[in-house]
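Structure first, then comments.
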Protein chains: 2
Amino acid sequence: MSASPIDSDLLVLAQSFRTTLRHAVYLSRSMDGDGELTTMQMSTLSMAAEEPLRVSRIAANLGIRVPSATEQIIKLEQAGLVSRTPDPTDSRAVLVQLTEMGRSAWEDAGRLRNERVAALLAHLDDDDRATLAAALPVIGKLSRTA
Amino acid sequence: MSASPIDSDLLVLAQSFRTTLRHAVYLSRSMDGDGELTTMQMSTLSMAAEEPLRVSRIAANLGIRVPSATEQIIKLEQAGLVSRTPDPTDSRAVLVQLTEMGRSAWEDAGRLRNERVAALLAHLDDDDRATLAAALPVIGKLSRTA
DNA sequence: GCTCATAGTTAGGTAGCCTAACAGTTCGGC
DNA sequence: GCCGAACTGTTAGGCTACCTAACTATGAGC
């Protein structure tokens, strides 16, 4: 509680947020080890599921460079999960969209993950679940701020 | 609310937890891009800061295999941040501990990250911060369950 | 039509993870 | 005591995902 009253409390919260986040990252990693699609692939498919996307936007959303995104997308294409077509409004650009197969693979994988997470959540009591549910939008807000 | 009352609600919560977590992962990644120590290195130093640790425990805590941990630890050793000494009670084992330099590097980096996160948290209002603070232990519990 | 910016791909390199194989240490059974 | 099984780390070799730099092709301004 010296010069800047917010600092001390915020730093304490920041510290425990960082620690928690670190563990959550390990948790999330542990959930994609067993199967078919990696977390990054899931993210890519999730984006493309909504609407056809440009490579550059996918890269930006994933926080990686365009060439890295191209690489991953080509793999997804080879796996038959997405298609790449030139953007009709700008032939420099490429639109990535889900194939029929990609959509069902994405849905299946999402269902599987949800079930796995739900199984974890089942260990919490109602209060904890309510607390968690309330905080998710706040964390989302934070991520968007950054 | 059919056969299994928990399922539906849990799955919904699971879905939004997964999405939030994904964004949080990107957030956390964006916070270690600019500097000296990676998140993994920070984690390793954090563990060693409390007490000397065996390689196998570090690997387990990081969720990686022992050889991968060895590799990272050797790099930290070469950077002068940790020392490796044989465990006096079991000469097969190796104890990893922070050097003077490692401790101050760890403290500096932690401080920097805390400040960066605190700056994000400053954008939230008091209610949101309270909500977040309440949820952190719950997420911690989940990570431990897994 | 020339120039400059933009969208992706290709090429080459690095870091971090993995499994498999190895070396040294401990411990239990005989 | 001593031999084999179990355990702790390290070494070796390979894979994947990321990066930067350089290139191709298209679009936009003058």
Side-chain angles (χ1 to χ4, degrees), chain A residues 22 25-45 47-48 51-79 81-97, chain B residues 22 25-45 47-48 51-79 81-97:
Chain A
R22 193 173 76 222
V25 168
Y26 298 152
L27 173 62
S28 110
R29 174 178 310 173
S30 77
M31 285 190 300
D32 67 31
D34 56 348
E36 324 75 39
L37 295 170
T38 67
T39 298
M40 285 304 238
Q41 290 176 327
M42 280 298 288
S43 301
T44 305
L45 296 182
M47 287 183 260
E51 51 169 355
L53 277 182
R54 293 183 168 200
V55 173
S56 51
R57 285 210 44 207
I58 292 175
N61 288 341
L62 291 178
I64 61 179
R65 304 292 172 183
V66 171
S68 308
T70 295
E71 190 175 321
Q72 297 307 316
I73 291 165
I74 287 177
K75 282 190 186 161
L76 287 173
E77 187 184 36
Q78 287 168 346
L81 302 181
V82 304
S83 64
R84 288 192 300 164
T85 54
D87 185 335
T89 74
D90 181 346
S91 343
R92 291 172 303 177
V94 168
L95 291 180
V96 176
Q97 52 193 319
Chain B
R22 193 172 75 223
V25 168
Y26 298 152
L27 173 63
S28 109
R29 173 178 308 173
S30 76
M31 286 189 300
D32 68 30
D34 55 347
E36 323 75 39
L37 295 170
T38 66
T39 298
M40 285 303 238
Q41 290 176 327
M42 280 298 288
S43 302
T44 304
L45 295 182
M47 287 183 261
E51 51 169 355
L53 277 183
R54 294 184 167 198
V55 173
S56 51
R57 287 211 42 210
I58 292 175
N61 288 341
L62 292 177
I64 61 179
R65 302 293 171 182
V66 171
S68 308
T70 295
E71 191 175 320
Q72 297 307 316
I73 291 165
I74 288 177
K75 282 189 187 165
L76 288 173
E77 188 184 34
Q78 287 169 347
L81 303 180
V82 303
S83 64
R84 288 191 300 164
T85 53
D87 185 336
T89 74
D90 181 346
S91 344
R92 290 173 304 180
V94 168
L95 292 179
V96 177
Q97 52 193 320

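These numbers were taken from a predicted model, which means no experiment stands behind them.
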Distance check needed: [N] [atom2] versus [X] [atom1], whole Å only.
X	N	atom1	atom2	result
B:Ile73	D:dT8	CD1	C1'	12 Å
B:Leu95	D:dG9	CG	P	8 Å
A:Ile58	D:dC18	CD1	P	13 Å
A:Gln78	D:dA17	CD	P	12 Å
A:Arg54	C:dT9	CZ	P	12 Å

* Determine, for nucleotides 16-21 of chain C in 5'-to-3' order, which nucleotides have protein heavy atoms under 4.0 Å from the base (write B), from only the sugar-phosphate (write S), or from neither (write -). => BBBBB-
* Would you give a per-nucleotide map of nucleotides 23-30 of chain D, 5' to 3', where B means the base has a protein non-hydrogen atom under 4.0 Å away, S means only the sugar-phosphate does, and - means neither? => ---BS---
Between atom [atom1] of [X] and atom [atom2] of [Y], what is the distance when rounded to the nearest 0.5 Å?
X	Y	atom1	atom2	result
A:Leu53	A:Met47	CG	CE	7.0 Å
A:Leu81	A:Thr44	CG	OG1	10.5 Å
A:Leu62	A:Thr39	CG	OG1	11.0 Å

All N/O donor-acceptor pairs, side-chain side in residues 64-73 of chain A, below 3.5 Å, sequence neighbours left out:
unit_1: A:Thr70; atom_1: OG1; unit_2: A:Val66; atom_2: O; d: 3.2

* Go through the structure and list residues passing side chain to side chain donor-acceptor pair (under 3.5 Å) with A:Ser43, not counting sequence neighbours. => B:Arg22, B:Tyr26
* Contacts of type side chain to side chain donor-acceptor pair (under 3.5 Å), residue A:Arg57, not counting sequence neighbours -> none
* To the side chain of B:Val55, which of C:dA7, D:dG9, C:dT10 is closest? -> D:dG9
Sequence neighbours left out, cut at 3.5 Å: what donor-acceptor pairs do the side chains of residues 86-97 of chain B make with other protein atoms?
unit_1: B:Asp87; atom_1: OD1; unit_2: B:Thr89; atom_2: N; d: 2.8
unit_1: B:Asp87; atom_1: OD1; unit_2: B:Thr89; atom_2: OG1; d: 2.9
unit_1: B:Asp87; atom_1: OD2; unit_2: B:Arg54; atom_2: NH2; d: 3.3
unit_1: B:Asp90; atom_1: OD1; unit_2: B:Arg92; atom_2: N; d: 3.0
unit_1: B:Asp90; atom_1: OD1; unit_2: B:Arg92; atom_2: NE; d: 3.1
unit_1: B:Asp90; atom_1: OD2; unit_2: B:Arg92; atom_2: NE; d: 3.4
unit_1: B:Asp90; atom_1: OD2; unit_2: B:Arg92; atom_2: NH2; d: 2.9

* If only side-chain N and O atoms of A:Ser56 are considered, is one of them under 4.0 Å from the OP1 or OP2 phosphate oxygen of C:dT6? -> no
